[in-house]
Amino acid sequence: MSLRSFLENMEKRGEVLHVKDETSPSFEIPYIMKSFDNEGPILLFENVEGSKTKVVANVCGTRNRICEALGVERNGLYQKLLEAWRSPKKPKIVEDGAVKEVEESDLFKVPVLTHFEMDPGPYITSAVIHAKSIDGNIENVSIHRLQVLDEKHLAIRLVPRHLYKLWQMAKEADVDLDVAISIGVHPAVMLAASSPLPFGVSEFDVANTLLNDNLCLIKCKYVDAYAPADAELVIEGRISANKEVAEGPFVDITGTYDVKRKQPVVEIVNVMHREDYIYQALLPSGVEHKLLMGLPREASIYETVSKVVPKVYAVNLSVGGSGWLHVIISIEKQLDGDGKNALLAAFAAHPSLKHAVVVDSDIDVFNISDVEWAIATRFQACEDLLIVENARGSTLDSSADQETGLTTKMGIDATRPLTKPKEKFERAKIPASKHVEELTQKLHVLKY
Ligand code: MN
């Protein structure tokens, strides 16, 4: 249940593209990653300039691969996540793991990528970080970007959520916060780490449930924190109680530069890795970034909206909405007004959500033209539009107030009104005989 075992599976399915030519971690690998961004294969860069280490990218780049990793069909994905959130289970702690094979302290040997033109330098973007509260009672695991400052220091972006809270608690006691920074872990661990769980639930416990009780952790050597025993690379560090630096600018999920902020410094204590470790890269604002952040939120939206309407068919935090700001939900409604309640539930389920569209079950939420058609033929702005001003949204949205996070939310109820006959909203069909169906298929194979 490691990244490696998943890659072996994907190799057998022909989902891995091997890049044997030499490529540089500075811009070249990110450029190739971007060109394969949409539904692309896993990329394995085997000849990385200035390094003996291979770089793997786009591991969780498609919905199908994520389902594959969790052993579920597309329509069972949200249930699988929701069930794991409800039944976290402590992983086994083991003495030894593959990640302990080599110990070194030189971070500069790791091929960390520099992604975009105005980036201040290399950034680690796939790191899963574990920490405990200083009294040892609370554990947290989450994904954070890390800017490489020098071979001994990183800057960490702490959005005011759980790890930030643990750091604040340590800061009040004037002690540094021990962290284990794991890179190259099974996709289930990444999904658990980006799930919206309550403070106090360890995301490793949820990952363990997702992995059918097969997650093993090791205790770090120098700090009081834990990491998956079969991770590719683990950095042991301490988040300083008082040292902060200007972090960024960094390209976040929207593909624009986030603002520069004062953020804490991580002092690196130790680096350990597998003998032939693979470095996992993740392109900021790429589809993989959107899926990892968005999928767990889709599950939350699915669950919350399901409580207010008879049935939710599908949820899509769309790629165009950065996998974070826009959602399309297909529902079954009983009464007019259910559409608006579904919109309100979606905004409650995902506080960063800005625009939401609800459609009927005949609309494919993953087909944007279909969604637009529903808006064109089933929506009246004076009746079906919902606007909420000055609500808390995402600071990643350039059009919002990025200091306070205040934004305007808009909901579009594009379900057909029940007051008019159903037929008026149905797409006209052309009758098809078996003969014409077969002929059409043949013509498409010829592709002229
Ligand atoms: Mn948490």
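Every number for a ligand or one of its atoms is a count from 1 in the order of the listing.
For F204 and Y226, the gap between ring centers reaches or exceeds 6.0 Å.
In E203, the N, O or S atom that comes nearest to the Mn ion (ligand 1) is OE2. Looking only at its N/O/S atoms, H162 has ND1 as the one nearest to the Mn ion (ligand 1).
Between N64 and T62, the side chains place no donor N or O within less than 3.5 Å of an acceptor N or O (distance only, hydrogens not considered).
Taking the salt bridge (Lys or Arg N to Asp or Glu O under 4.0 Å) definition, one finds that E303 meets it with R86, sequence neighbours left out.
Results of the salt bridge (charged side-chain N to carboxylate O under 4.0 Å, His left out) test with R63 over E73, E39, E298, E68 single out E298 as the only residue that passes.
At a cut-off of 2.8 Å, S202 does not coordinate the Mn ion (ligand 1) through any N, O or S atom.
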